[in-house]
There are 2 protein chains.
Amino acid sequence: MLILRDLREGPRKFHELQESLVGISPNTLSSRLKTLEQHGIVERRFYEQHPPRAEYLLTQKGNELRAVIGALRDWGEKHTRG
Amino acid sequence: MLILRDLREGPRKFHELQESLVGISPNTLSSRLKTLEQHGIVERRFYEQHPPRAEYLLTQKGNELRAVIGALRDWGEKHTRG
DNA sequence: CAGTATCCTGCTAGATACTG
DNA sequence: CAGTATCTAGCAGGATACTG
C-alpha cells in the first residue's frame, strides 16, 4: 500500500522508494515490487546506463487502485490523531 | 477485510463469520475481532443466554470504511477472472 | 453457541554483505 | 545505482482439544 501511495504521485526510482519506506530492506522492497509487477499493478522500466536507472510506475490496473488508496487515505486522515 | 465485507451487510454472529471465512480457525477469528474491536471498528454485543449469543457489527468508524471496501470490491470485480 | 488454551509450522521481512 | 544472496527471528495463523 505504501509503495502504491508513493507511485500515485509519479514514477519512482528504487532508492527513492527505499528512502520513503523508512526501515524497508532492499530485498523486501525488491520482493514487493516483483509481486506488484507480476500482478500487473506496477511496471518496471530499466535503463542500462552508467549508473543504471530503474523507474517504477503504476499500470492502468494500478491506476485504478487510486480510488482505493484515496478512500483509505481519507479514512486514515479522519481517524488518526498524533 | 473479509470480516468487514461481511459486516457491511449487517450484524453477524461468530459462527456465521466462521462459516463465511472458509478455513479460518476460531482463535484466529477471535483474535481478529478483538483487534478490530480495540481499534473501534467493530462492536461486540454479547447476550448472556442459553445458548449464548454474540453479534458483531460495524461502528460509525467502521461504517466509514465502506467506501474503502466498496472501492476495493469494484476493483477486484473488474480485474479478477475465474 | 462462543469462544479459550496449547502447540507447532511456515512465511515475512530485517540485517548484513556482496555484484554488475 | 539497483539490486541479489544468505541467514535468522518473530509472529501470524492453522490444527486440535477443551470450557462456561
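Please read all numbers here as calculations on a predicted model, not as lab measurements. Chain identifiers are assigned alphabetically (A, B, ...) following the order of the sequence lines, protein sequences preceding nucleic acid strands; residue numbering begins at 1 within each chain.
Of the residues in residues 46-58 of chain B, those placing a heavy atom less than 4.0 Å from an atom of DNA chain C are B/Pro51, B/Pro52, B/Arg53, B/Ala54, B/Tyr56, in numerical order. At a non-hydrogen distance threshold of 4.0 Å, B/Lys13, B/Phe14, B/His15 from residues 9-24 of chain B come into contact with DNA chain C.
Looking at heavy atoms from C-beta onward, A/Arg45 lies in side-chain contact with A/Leu57 at the 4.5 angstrom threshold. Counting only heavy atoms from C-beta outward, the side chains of A/Ile24 and A/Leu2 never approach each other to under 4.5 Å. Residues B/Leu36 and B/Leu7 form no side-chain contact, since every pair of their non-hydrogen atoms from C-beta on lies 4.5 Å or further apart. Counting only heavy atoms from C-beta outward, the side chains of B/Thr35 and B/His39 approach each other to under 4.5 Å. Looking at B/Tyr56 and B/Asp6, their side chains never come closer than 4.5 Å, going by heavy atoms from C-beta outward.
At distances below 3.5 Å, at least one donor-acceptor pair connects side-chain atoms of B/Thr80 with backbone N or O atoms of B/Gly76.
Taking every nucleotide of DNA chain C with any atom under 4.0 Å from a non-hydrogen atom of chain B, the first and last of them, 5' to 3', are C/dC1 to C/dT6.
Screening B/Arg8, B/Arg5, B/Met1, B/Lys78 for a side chain to side chain contact (heavy atoms under 4.5 Å, CB included) with B/Arg73, the sole residue that qualifies is B/Arg8. The side chain to side chain contact (heavy atoms under 4.5 Å, CB included) test with A/Lys61 singles out one residue from A/Leu65, A/Asn63, A/Thr59, and that residue is A/Thr59.
Shown here are the salt bridge (charged side-chain N to carboxylate O under 4.0 Å, His left out) partners of A/Glu37, two or more places apart in sequence or in another chain: there are none.
Residue pairs meeting the salt bridge (Lys or Arg N to Asp or Glu O under 4.0 Å) criterion with at least one partner in residues 11-34 of chain B, sequence neighbours excluded, are B/Glu9-B/Arg12.
Nearest heavy-atom pair across A/Phe46 and A/Pro52 is CZ-CB, 3.9 Å.
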Original post:
Taking it one step at a time, do A/Val68 and A/Leu4 satisfy side-chain contact (heavy atoms from CB on, under 4.5 Å)?
Top reply: CA-CA 10 Å; A/Val68 178; A/Leu4 299 180; over 6 Å; no
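Here B/Arg32 does not reach the OP1 or OP2 of D/dA12: none of its side-chain N or O atoms lies under 4.0 Å away.
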Original post:
Under a 3.5 Å cutoff on both atom distances, Watson-Crick or G-U, what's the dot-bracket for DNA chain D ([ ] crossing, | other strand)?
Top reply: ||||||||||||||||||||
